[in-house]
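These notes concern the structure reproduced below.
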Amino acid sequence: MASSPSSMSSPMIPMELHSLNREKLFNSLCDHLTSCARPLQGFVLLQGGEEQTRHCTDHLELFRQESYFAYLFGVEEPGFYGTIDIASGKSMLFIPRLLADYAVWMGEIQPPSHFQEKYKVTQVFYTDEIKEVLLDQYQATGAPLLFLLHGLNTDSNKYSKPAEFQGIEKFQTDLNTLHPILTECRVIKSDLELALIQYANDISSEAHVEVMRKTKVGMKEYQLESMFLHHTYMYGGCRHCSYTCICATGDNSAVLHYGHAAAPNGKTLQEGDMALLDMGAEYHFYGSDITCSFPVNGKFTRDQSLVYTAVLDAHDAVISAMRPGVSWVDMHKLAERVTLESLKKGNLLVGDVDKMMAERLGAVFMPHGLGHLLGIDTHDPGGYLQGAERPKEPGLSSLRTSRKLLKGMVITVEPGCYFIDALLLPALESPAVSEFFNRVEINRFRGFGGVRIESDVCVTSSGCVNMSKCPRKIEEIEAVMAGAPWPIEKTTFLSGNGQV
């Protein structure tokens with residue numbers, strides 16, 4: 001029997017992870033209430049996600065749990081509610097009371113005890129009992145206070161949905177306290193969270209290598225996507241992807257969010273094209289976000305090497321500089337500076353790099369931010385603290401965080417260099433920056449597309465760890481595409497007692 005093309009095996013999922021997340025929130029919320037001289041009474045109440053049908057049909061889309069609810073309870077099923085009692089720290093789940101014919105169409109109807117054991121919570125009741133249970137459990141006088149989740153996601157500019165249930169008018173509600181505290185809990189990852197993110201990175205890195213090996217001129221972009229999805233599901237147990245795969249080749253690689261419904265990874269790979277593959281698997285809610293760029297024929301040209309090396313040098317410079325206390329805005333500017341210096345060395349740009357930086361020339365070649373927090377969401381929340389202002393300058397205005405790095409953060413490092421006519425042509429005519437271009441050389445690169453290199457990086461006490469394990473150097477990529485082996489060295493995050 002042929003050996004498996006994977007060294008991965010799906011890890012067990014410890015529900016202790018979510019117990020620790022609840023404990024972290026409980027302690028943080030109690031500290032906040034104590035500092036504000038507020039009583040330690042009431043309930044945190046979150047509503048889980050609901051199944052959605054496709055438009056007006058009865059076709060159920062594959063369910064994926066709401067992320068804050070997943071963080072605290074780890075529940076896979078739809079229709080749940082969850083609470084934490086501020087007075088005692090006890091956790092409760094409320095499950096939907098299913099009709100008898102559910103057993104015919106969907107499978108066995110499990111009792112509350114099943115979910116109590118599965119999700120390691122204190123008690124389980126039905127959703128039609130929420131009002132009575134919370135009123136009964138409340139130990140103080142007056143109407144119980146519910147801390148509901150309501151706040152702005154600074155990545156999507158959308159608001160989280162506060163829980164609703166029949167009888168909520170019998171309770172006091174607080175819509176302001178919970179969201180910033182719970183969001184900040186998600187920013188710093190525990191060892192158990194890091195282990196899942198590392199696994200998602202390991203299987204995704206392995207899949208990227210597999211795609212790299214099998215890419216050939218004449219294939220379709222969607223075939224590369226298909227190979228990635230197959231590998232991470234077949235060998236990694238990853239039913240969900242962290243986001244829609246971006247499988248861009250040739251000039252498509254200058255389209256930052258290529259792969260959407262109007263551009264469905266459908267182009268035929270051509271000789272001389274660069275591929276930009278941005279794909280990451282998700283395992284038990286925790287994700288990865290990795291981008292590899294390489295020539296589809298397996299050999300870099302001089303021009304491809306020039307642009308690729310500029311981006312790789314920026315990628316490596318940022319990772320070398322990352323440690324607690326470092327400003328992410330400064331890291332973005334470092335990536336821009338290294339890229340501009342490389343383009344100047346390659347004779348695409350002329351003039352003083354300090355002046356280029358002052359005129360924000362880097363945003364012409366990298367209009368997106370350097371990276372974003374990563375965890376249960378690809379763009380994990382918490383990038384902007386309450387009251388923080390977004391930078392307004394070109395490029396910097398696209399940053400998904402302006403924070404200083406903290407130990408335990410996981411953040412993507414994804415510098416890029418793109419030749420986008422919508423940005424390049426106005427810049428060539430701009431009095432502020434046109435002097436910096438070698439027009440003959442720049443015009444040769446119109447239609448080149450772009451290069452992005454993205455790794456998921458965990459901030460440690462003294463530096464950082466790159467969790468992504470893909471070939472990055474030109475000689476490594478060419479060797480792997482020619483059939484050389486690529487062993488993935490697994491990284492284990494240990495807790496204080498030596499356990500994963």
Q. Any idea which heavy atoms bring Ala314 and Ala335 closest together, and the distance?
A. CB-O, 3.6 Å
Q | Sidechain-backbone polar pair: Glu129 side chain, Tyr126 backbone, donor-acceptor under 3.5 Å | A | yes
Q) For the residue pair Pro426 and Asp421, what are the closest heavy atoms and their distance? A) CD-O, 3.6 Å
Q) Is Asp330 salt-bridged to Lys404, cutoff N-O under 4.0 Å? A) no
Q) Just checking, any donor-acceptor pair under 3.5 angstrom between side chains of Arg38 and Ser35? A) no
Q. Would Glu206 and Lys469 pass as an ion pair if we require N to O under 4.0 Å?
A. no
Q.
Would the distance check show the side chain of Lys120 and the main-chain N or O of Met15 forming a donor-acceptor pair, the cut-off being under 3.5 Å?
A. no
Q: Decide, yes or no, whether a salt bridge links Asp377 with Arg186 under the criterion of side-chain N to carboxylate O below 4.0 Å.
A: yes
Q.
For a side-chain contact (heavy atoms from CB on, under 4.5 Å) check, start with the C-alpha distance between Ser293 and Val311, then their side-chain angles and the critical distance, and finish with the verdict.
A. CA-CA 10 Å; Ser293 297; Val311 177; over 6 Å; no
Q: State the CG-CZ distance between Leu361 and Arg337, to the nearest 0.5 angstrom.
A: 12.0 Å
Q. Closest approach of Pro381 and Leu373, non-hydrogen atoms and distance?
A. O-CD1, 3.6 Å
Q. After noting the C-alpha distance and the side-chain angles of Lys161 and Glu66, does the key distance pass the salt bridge (charged side-chain N to carboxylate O under 4.0 Å, His left out) rule?
A. CA-CA 10 Å; Lys161 176 191 173 185; Glu66 192 279 325; over 6 Å; no
(Q) Whether Asp380 and Lys189 form a salt bridge (side-chain N of Lys/Arg under 4.0 Å from carboxylate O of Asp/Glu) is what I want to check. (A) yes
**Q.** Between Tyr283 and Thr232, a side-chain donor and acceptor under 3.5 Å
**A.** no
(Q) Please evaluate residues Arg403 and Glu184 with respect to the criterion salt bridge (charged side-chain N to carboxylate O under 4.0 Å, His left out), reporting the C-alpha separation (whole Å), side-chain torsions for both, the decisive distance (0.1 Å), and the verdict. (A) CA-CA 12 Å; Arg403 296 181 63 159; Glu184 193 63 15; 2.7 Å; yes
Q) In Å and rounded to the nearest 0.5 Å, what is the OH to CG distance from Tyr384 to Asn153? A) 12.5 Å
(Q) Ignoring hydrogens and geometry beyond distance, is a side-chain donor-acceptor pair present between Asp174 and Thr177 at under 3.5 Å? (A) yes
(Q) Quick one: does any side-chain atom of Ser288 pair with a main-chain N or O of Ala281 as donor and acceptor, under 3.5 Å? (A) yes
**Q.** Check: Phe115 ring centroid to Phe80 ring centroid under 6.0 Å
**A.** yes
Q) Do NZ/NE/NH1/NH2 and the carboxylate oxygens of Glu61 and Arg54 come within less than 4.0 Å? A) yes
Q) Is there side-chain contact between Ser28 and Cys185, with at least one heavy-atom pair below 4.5 Å? A) yes
**Q.** Minimum-distance pair of heavy atoms, taken over all atoms of Leu256 and Pro367
**A.** CD1-CG, 3.8 Å
Q: Using only heavy-atom distances, determine whether the side chains of Ser461 and Arg323 contain a donor-acceptor pair under 3.5 Å.
A: no
Q.
I'd like to know whether His18 forms a ring-ring contact (aromatic ring centres under 6.0 Å, His included) with Tyr119, so could you lay out the CA-CA distance, the side-chain angles of the two residues, the decisive distance to 0.1 Å, and finally the verdict.
A. CA-CA 8 Å; His18 303 287; Tyr119 294 120; 8.2 Å; no
Q. If you round to the nearest 0.5 Å, how far is CD1 of Ile197 from OG of Ser468?
A. 11.0 Å
Q | Rounded distance [0.5 Å steps], OG1 in Thr183 versus OH in Tyr71 | A | 10.0 Å
Q.
I'd like to check the salt bridge (charged side-chain N to carboxylate O under 4.0 Å, His left out) partners of Arg400; sequence neighbours left out, ordered by chain and number.
A. Asp155
Q) What distance do Leu98 atom CG and Trp105 atom CH2 have between them, rounded to the nearest 0.5 Å? A) 16.0 Å
Q.
Centre-to-centre under 6.0 Å for His368 and His332, is that the case here?
A. no
(Q) Quick check on Glu132: does its CD atom have over 12 non-hydrogen neighbours (other residues, nucleotides or ligands) under 6.0 Å away? (A) yes
Q | Side-chain H-bond candidate by donor/acceptor type, Gln137 with Asp85, under 3.5 Å | A | no
Q.
Side chains of His208 and Ile290, heavy atoms from C-beta outward: is any pair under 4.5 Å?
A. yes
Q: Using atom types as modelled and distance alone, determine if a side-chain donor or acceptor of Thr401 lies under 3.5 Å from a backbone N or O of Gly383.
A: yes
Q.
Strictly distance-based, threshold 3.5 Å: is any side-chain N or O of Asp456 a donor or acceptor partner for the main-chain N or O of Asp289?
A. yes
Q. How far does CG of Leu370 sit from CG of Leu334, to the nearest 0.5 angstrom?
A. 8.5 Å
Q | Pair Arg239 + Glu282: basic N to acidic O under 4.0 Å | A | no
Q: Over all heavy atoms of both residues, which pair between Glu221 and Tyr258 is shortest? Give the atoms and the distance, please.
A: OE1-OH, 2.5 Å
Q: Verify, without hydrogens or angle tests, whether Glu193 (side chain) and Ser190 (backbone) share a donor-acceptor contact under 3.5 angstrom.
A: yes
Q: Might you point out which heavy atoms bring Ser160 and His179 nearest each other, and give the distance in Å?
A: OG-CD2, 3.4 Å
Q) Can you find a pair of side-chain heavy atoms, one from Cys245 and one from Phe228, that are under 4.5 Å apart? A) yes
Q. Hey, is the main chain of Ala207 close enough, under 3.5 Å, to the side chain of Tyr235 for a donor-acceptor pair?
A. no
Q) Are Gln110 and Lys118 close enough that a side-chain donor and a side-chain acceptor fall under 3.5 Å? A) no
Q.
Counting C-beta onward and ignoring hydrogens, is there a side-chain heavy-atom pair between Leu25 and Leu72 closer than 4.5 Å?
A. yes
Q) Under a 4.0 Å N-O cut-off, is there an ion pair linking Glu169 with Lys131? A) no
Q. Can any side-chain N or O of Ser10 pair as donor or acceptor with the backbone N or O of Gly236 at less than 3.5 Å?
A. yes
(Q) Does the plane of the ring in His379 sit parallel, tilted or perpendicular to the ring in His372? Use 30° and 60° as the thresholds. (A) perpendicular
Q.
Is the distance from the ring center of Phe171 to that of Phe165 below 6.0 Å?
A. yes
(Q) Checking side-chain polar atoms at under 3.5 Å, does Thr244 have a donor or acceptor matched by the opposite partner on His260? (A) no
Q. Has the side chain of Gln198 got a donor or acceptor atom that lies under 3.5 Å from a matching backbone atom of Met467?
A. yes
Q: Consider only side-chain N and O atoms of Asp278 and Tyr243, and report whether a donor and an acceptor are under 3.5 Å apart.
A: yes
(Q) A side-chain contact here means heavy atoms from C-beta on lying under 4.5 Å apart; do Ile188 and Met409 qualify? (A) yes
Q | Met357 CE: over 12 foreign heavy atoms closer than 6.0 Å | A | yes
Q: For the pair Ser205 (side chain) and Asn201 (backbone), establish whether a donor and an acceptor sit closer than 3.5 Å, ignoring hydrogens and angles.
A: yes
